[in-house]
2 protein chains.
Amino acid sequence: MPRTSTKAPAPAGRIASDYRLEDQVGFLLRRAYQRASSNLVDRIGSSDLTAPQYATLARLYERGALSQNLLGRLVAMEPANIRDVVLRLKKRRLVATRRDPTDKRLILIDLTAAGTALVEQLIPIEIACTATTLAPLKANERKQLYDLLGRLADG
Amino acid sequence: MPRTSTKAPAPAGRIASDYRLEDQVGFLLRRAYQRASSNLVDRIGSSDLTAPQYATLARLYERGALSQNLLGRLVAMEPANIRDVVLRLKKRRLVATRRDPTDKRLILIDLTAAGTALVEQLIPIEIACTATTLAPLKANERKQLYDLLGRLADG
DNA sequence: TCGATATCGTTATGATCATAACAATATCGG
DNA sequence: CCGATATTGTTATGATCATAACGATATCGA
């Protein structure tokens with residue numbers, strides 16, 4: 001009786017024996033993000049800021065005072081999540097909050113002087129960190145990656 | 001006195017006025033992963049499985065019984081985290097655990113019949129989901145993305 | 001053999017994440 | 001003007017995540 005295949009039998013797969021988790025974008029993206037996030041924490045961890053917290057401060061630095069809701073959208077966080085991040089940053093006096101006088105629903109978030117100083121200190125570090133994460137890629141590959149990721153994220 | 005720039009002044013940036021959060025890989029990767037994960041949950045959410053839970057089942061399907069620790073490494077999860085995932089899957093009778101007879105430290109994780117049936121049902125769905133996530137890209141771009149992400153994740 | 005070292009699983013803590021339900025406020029259309 | 005609708009922020013629940021510290025078991029070298 002001829003063998004159906006010259007390959008060794010798959011360890012466990014019965015039906016989808018050609019399936020590989022590594023071929024799924026989501027899995028690759030998750031691991032790549034883990035790496036990037038780990039690189040960032042290694043560098044800015046002494047400030048006790050997480051990646052989302054840093055992103056929040058950086059966005060405020062770029063745009064100035066923002067409502068909590070808009071801030072959340074600009075850092076890709078749900079209302080319930082940006083709320084917690086703002087609370088932690090507020091507890092550390094890196095941001096301050098006030099009510100919008102014209103729209104009583106809104107909470108405006110401001111960088112404090114301490115928050116501004118910290119972002120200005122961390123921004124060059126994160127730029128270097130991005131370079132570290134991208135180190136395995138050549139310049140043209142980095143540009144390509146940005147293009148591809150941007151199109152994926154925007155759907 | 002000549003204007004130093006014809007551009008409008010940056011909204012709030014004082015020092016790093018040319019910095020943009022969008023230029024940081026970590027931020028792009030996080031958003032792309034959010035999109036991919038959301039696509040997956042939209043499709044397999046009816047099974048009440050999360051992306052990491054699915055990845056865990058898929059890995060067991062590929063490799064057969066694994067120790068909890070090795071399983072965690074193969075799905076990129078810390079020991080404390082894979083433990084919780086295994087507990088949830090075990091509560092739903094999708095996996096079963098037993099002790100390794102030769103190494104009393106190890107807990108071996110097996111797919112149950114129900115778990116196997118569920119993975120086999122979900123694998124084609126996730127393959128379709130990957131296609132959805134990659135829809136904005138052309139075939140050669142997808143291949144390039146995989147190559148770039150793989151090199152990023154592996155450092 | 002036996003003690004130093006390494007690995008595995010557990011526990012605890014704190015920070016993201018997504019989702020659903022809800023009250024307060026704004027906005028819009030009739 | 002005013003009621004339907006939309007937006008903002010909050011609360012609650014449950015699932016990731018990373019990290020550190022710890023006992024139990026294996027392994028390795030003297």
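Chain A is the first sequence line, chain B the second, and so forth, proteins listed ahead of strands; every chain is numbered from 1.
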* **B:R93, CZ: over 12 other non-hydrogen atoms inside 6.0 angstrom** => no

* Structure fact -> Sorted by position of nearest nucleotide on DNA chain C, 5' first, the leading residue of A:D103 and A:M77 is A:M77

* Atom-to-atom span, CZ of B:F27 to P of C:dC17 - whole angstrom -> 11 Å

* Is the distance from OP1 or OP2 of C:dA6 to the nearest side-chain N or O of B:R105 less than 4.0 Å? -> no

* To do: Select base, sugar-phosphate, or nothing to describe what A:V41 touches, counting heavy atoms under 4.0 Å on all strands.
  => nothing

* Asked: Is there a side-chain polar atom (N or O) of A:N69 under 4.0 Å from OP1 or OP2 of D:dG9?
  -> yes

* When you check the side-chain N and O atoms of A:T132 and A:R43, is any donor under 3.5 Å from an acceptor? -> yes

* To do: Hey, could you give me the CZ/CG distance between B:R88 and B:D48, rounded to the nearest 0.5 Å?
  => 13.0 Å

* **Phosphate OP1/OP2 of D:dT16 contacted by B:T50 side-chain N/O (<4.0 Å)** => yes

* C:dT16 C1' sits how many Å from B:D84 CG, rounded? -> 15 Å

* Structure fact -> Against the side chain of A:R83, the closest entry in D:dT11, D:dT16, D:dG9 is D:dT11

* Structure fact -> Per nearest nucleotide of DNA chain C, the residue lying toward the 5' end, B:R99 or B:Q34, is B:R99

* To do: Describe the nucleic acid contact of B:R73 in one word from base, sugar-phosphate, nothing, applying a heavy-atom distance below 4.0 Å.
  => sugar-phosphate

* Is any side-chain nitrogen or oxygen of A:R88 closer than 4.0 Å to OP1 or OP2 of C:dT16? -> yes

* Would you kindly give the CG-to-P distance between B:L87 and C:dT11, to the nearest whole Å? => 9 Å

* To do: With heavy atoms under 4.0 Å as the rule, sort B:A80 into base, sugar-phosphate or nothing.
  => base

* Asked: Do A:K143 and A:D147 pass the salt bridge (Lys or Arg N to Asp or Glu O under 4.0 Å) test, and can you show the C-alpha distance, the side-chain angles, and the key distance before you say yes or no?
  -> CA-CA 6 Å; A:K143 190 175 174 186; A:D147 171 54; over 6 Å; no

* To do: Find the distance A:L94:CG to C:dA15:C1' and express it as a whole number of Å.
  => 16 Å

* Asked: Can you find a side chain N or O atom of A:R30 that sits less than 4.0 Å from OP1 or OP2 on D:dT16?
  -> no

* To do: Find which nucleotide of DNA chain D each of A:L108 and B:P79 is nearest to by heavy atoms, and output the residue with the more 5' nucleotide.
  => A:L108

* Is B:Q68 touching bases, backbone alone, or none of the nucleic acid, heavy atoms closer than 4.0 Å? -> sugar-phosphate

* B:D84 side, atom CG; B:M77 side, atom CE - distance, nearest 0.5 Å -> 8.0 Å

* Using a 4.0 Å heavy-atom cut-off across all strands, classify B:P52 as base, sugar-phosphate, or nothing. => sugar-phosphate

* How close or far is atom P of C:dC17 from atom CD of B:Q53, stated in whole angstroms? -> 18 Å

* Structure fact -> In whole angstroms, the gap separating C1' of C:dA12 from CD of B:E78 amounts to 15 Å

* Asked: Any side-chain N or O of A:Y54 under 4.0 Å from OP1/OP2 of C:dT16?
  -> no

* **Flag for B:R35-B:N39: side-chain donor and acceptor within less than 3.5 Å** => no

